[in-house]
Asker: 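Questions regarding the structure given below will be posed in turn.
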Amino acid sequence: IIGEGPMTNRSSTAVLRPVELSALHRVADGRTKDVKADYLEILFAMGLAALDQNGRASLTIDGQQRLRAALAAQATR
């Protein structure tokens, strides 16, 4: 059940752990079957992912922005 698992009260601007960033990448790529339910739940609770009109997980605008920022940060390292 969404909202009852661990860490579901985190801010949408909280720092993402590497595994959560990986989950964000997988949702963006449409590979949600590769994402553990706990991590999907965290992304939903943070407002970074949501279900689309077809019931599939997809990134929200905030999620897309977070992913772009993470990719840009990696590129500058």
Side-chain angles (χ1 to χ4, degrees):
I1 298 173
I2 293 176
E4 294 183 8
M7 301 175 65
T8 57
N9 61 345
R10 290 173 56 200
S11 164
S12 63
T13 59
V15 174
L16 293 174
R17 296 180 299 166
V19 68
E20 295 162 349
L21 185 57
S22 177
L24 199 66
H25 278 274
R26 288 182 175 136
V27 171
D29 291 342
R31 297 182 296 135
T32 56
K33 290 181 182 178
D34 297 336
V35 180
K36 283 186 168 186
D38 286 348
Y39 298 120
L40 263 181
E41 185 176 329
I42 290 168
L43 296 179
F44 288 148
M46 292 177 72
L48 302 177
L51 296 178
D52 66 15
Q53 64 271 15
N54 297 315
R56 291 181 295 228
S58 63
L59 296 185
T60 61
I61 298 216
D62 287 345
Q64 292 169 16
Q65 292 171 344
R66 290 291 298 271
L67 184 57
R68 277 195 299 273
L71 293 173
Q74 287 177 343
T76 60
R77 289 185 204 168

Asker: Can you tell me how far CD1 of Ile42 sits from CZ of Arg17, rounded to the nearest 0.5 angstrom?
Answerer: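 Taking CZ in Arg17 and CD1 in Ile42, the distance rounds to 5.5 Å.
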
Asker: Do any side-chain atoms of residues 61-75 form donor-acceptor pairs under 3.5 angstrom with protein atoms, and if so which ones, sequence neighbours left out?
Answerer:
| unit_1 | atom_1 | unit_2 | atom_2 | d |
| --- | --- | --- | --- | --- |
| Arg66 | NH1 | Ser12 | O | 2.5 |
| Arg66 | NH1 | Ala14 | O | 3.3 |
| Arg66 | NH2 | Ala14 | O | 2.7 |

Asker: Ala49 and Phe44: which non-hydrogen atoms are nearest, and at how many Å?
Answerer: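 Reported closest heavy-atom pair: O-CD2, 3.1 Å.
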
Asker: Please lay out, stage by stage, how Leu48 and Leu16 fare under the test side chain to side chain contact (heavy atoms under 4.5 Å, CB included).
Answerer: CA-CA 11 Å; Leu48 302 177; Leu16 293 174; 4.0 Å; yes

Asker: Which atom pair, heavy atoms only, marks the closest approach of Leu40 to Ala57?
Answerer: CD2-CB, 4.1 Å

Asker: If you measure from OG on Ser22 to CZ on Arg31, what distance do you get to the nearest 0.5 Å?
Answerer: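 Answer for the OG-CZ pair, Ser22 versus Arg31, is 7.5 Å.
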
Asker: Among all residues two or more places apart in sequence or in another chain, which pass the side chain to side chain donor-acceptor pair (under 3.5 Å) test with Thr76?
Answerer: none

Asker: Suppose we screen for side-chain contact (heavy atoms from CB on, under 4.5 Å). Which residues come up paired with Asp52, at least two apart in sequence or across chains?
Answerer: Asn54, Arg56, Ser58

Asker: Which atom pair, heavy atoms only, marks the closest approach of Thr60 to Gly47?
Answerer: OG1-O, 2.6 Å

Asker: Between CG of Leu24 and CG of Leu59, what distance do you get to the nearest 0.5 Å?
Answerer: 5.0 Å

